[in-house]
Each structure stands twice: as structure tokens, then as C-alpha cells.
Amino acid sequence: MPKSAPHHWLFKSEPEEFSFADLLAAPKKRTFWNGVRNYQARNLLRDDVKVGDLVLYYHSNAEPSGVVGVAEVVESAAPDPTQFEPGDYHEPRATHEAPVWMGVTIQALEPLPRTVALDELKASPKLAQMGVCQRGNRLSIQPVAPAEFAEVLRLAKRKPSAAADAS
DNA sequence: GCCAACGTTGGC
DNA sequence: GCCAACGTTGGC
């Protein structure tokens, strides 16, 4: 059996917390994606995010918010160590035998030629179904269709004005 | 800083 | 199991 094609994802991060530039500056351009504290996102990380999958790196609460880079999953799910540590991410119910929260390790591939801002994503008819374009969608780990992934990369190579002219 | 949307918690 | 209260996310 051939391996299945890589899946595509969008990971949200507040740049003040951990930006794509921070990822590029990290050792081996890698980081463990810790701090996910939502069960739906946790389940995706645990069950569906695989080594070799591609990630759109999205800056939320940014100026502007949007997709800024591409990363690759290099290690599949492992227990999030911050759940065992004191602090904001501590999880009293977690034990090493039965961890509650999981994370994956990603590695930066390339920054996009320019940020594809949220309003551009919303302006593209091909991205109408994309999770991040849906009102009220707060999920920090979202599946992305292959065609959507390609469209975001295509938008990133165009001038913003050209994107606005698209019909 | 505001607030809409959504998730979680806890009383009952 | 219902649902009100509360907390968080994240665009604006």
C-alpha cells in the first residue's frame, strides 16, 4: 500500500506568543506545538496530524491576521509536557500514564512571499469553505483541503491588489 | 477595549 | 441531562 497523501492543516498562533519568525529562529526551525487546550483540536493532533503533513502558519490577533508561512509536521503526537508543569497550561487531571493534552512537532519550511491576510482569504471564492473564513470559528487546529492549501500559496505569490481584483 | 461566538463548568 | 453563568478566542 502506498502511503496516503499528506494532509493539510492550519495552525493558529498569536505572533506575540510564538510567531513564524520565532519558529524560523528556533533550533532546527522546529518547535513542539504545546498549549492546545481544546478537545476537538487535541483529537485532530492526536489522531489525524501525521509526519509529512503540511501546515499553514496563521497569525491570529495580528496586524493583519493571516497566513504567513508553511511548516511541516516532523513528529506525530506526544504528551504536551506543559500539562505537568505549574503555570497557565497545567492540567491537574493529567498523569504521565494518562496524559490529557497532546502536541506535535513542526518544522518551518518557508515564509510566504507575503502575508495573505484574513480579508483576502475571505475574498477568495475558492476559500469560502475554509474554516478560518467561517464566522465564529475559534478552532486553533483546522483541516485544510488540498485545493485550499494551493490557493493560499497562489494568493501569496500575487500582489494584494490583484487578489482584490479577482472574480 | 468591545463584544459576538463558542466551549466549559457546575448547580439542580 | 438541562441550561445559566462564566471564561476564552479573536476579529474589529
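Letters go in sequence order (proteins before strands), and every chain restarts at 1.
- Counting only residues at least two apart or on different chains, the side chain to side chain donor-acceptor pair (under 3.5 Å) pairs with a member in residues 5-15 of chain A are A:Trp9-A:Asp53, A:Glu14-A:Asn61.
- Comparing A:Arg93 and A:Gly136 along DNA chain B, the residue whose closest nucleotide (by nearest heavy atom) sits nearer the 5' end is A:Gly136.
- When the P atom of B:dG7 is taken as reference, atom CD1 of A:Ile141 falls 15 Å away, rounded to whole Å.
- Between A:Asp80 and A:Arg37 there is a salt bridge, since at least one side-chain N of the basic residue sits less than 4.0 Å from a carboxylate O of the acidic one.
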> Going through the checks in order, is the salt bridge (charged side-chain N to carboxylate O under 4.0 Å, His left out) test met by A:Glu120 and A:Arg158?
Replying inline: CA-CA 11 Å; A:Glu120 282 184 73; A:Arg158 305 172 68 190; over 6 Å; no

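- The side-chain heavy atoms of A:Phe20 and A:Val70, taken from C-beta on, include no pair separated by under 4.5 Å.
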List, with names and distances, any nitrogen or oxygen atoms from the protein found under 3.5 Å away from nitrogen or oxygen atoms belonging to nucleotides 9-12 of chain C.
{"residue": "C:dG10", "atom": "OP1", "partner": "A:Lys12", "partner atom": "NZ", "Å": "2.8"}
{"residue": "C:dG10", "atom": "OP1", "partner": "A:Arg138", "partner atom": "O", "Å": "2.7"}
{"residue": "C:dG11", "atom": "OP1", "partner": "A:Tyr58", "partner atom": "OH", "Å": "2.7"}
{"residue": "C:dG11", "atom": "OP2", "partner": "A:Asn61", "partner atom": "N", "Å": "3.1"}
{"residue": "C:dG11", "atom": "OP2", "partner": "A:Ser65", "partner atom": "OG", "Å": "2.9"}
{"residue": "C:dG11", "atom": "N7", "partner": "A:Asn61", "partner atom": "OD1", "Å": "3.4"}
{"residue": "C:dC12", "atom": "OP1", "partner": "A:Lys122", "partner atom": "NZ", "Å": "3.3"}

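- The distance between atom CG of A:Asn38 and atom P of C:dG7, rounded to the nearest whole Å, is 18 Å.
- With sequence neighbours excluded, no residue forms a ring-ring contact (aromatic ring centres under 6.0 Å, His included) with A:Tyr89.
- Less than 6.0 angstrom separates the ring centroid of A:Trp33 from the ring centroid of A:Tyr57.
- Straight-line distance from the OH atom of A:Tyr39 to the P atom of C:dG7: 18 Å, rounded to whole Å.
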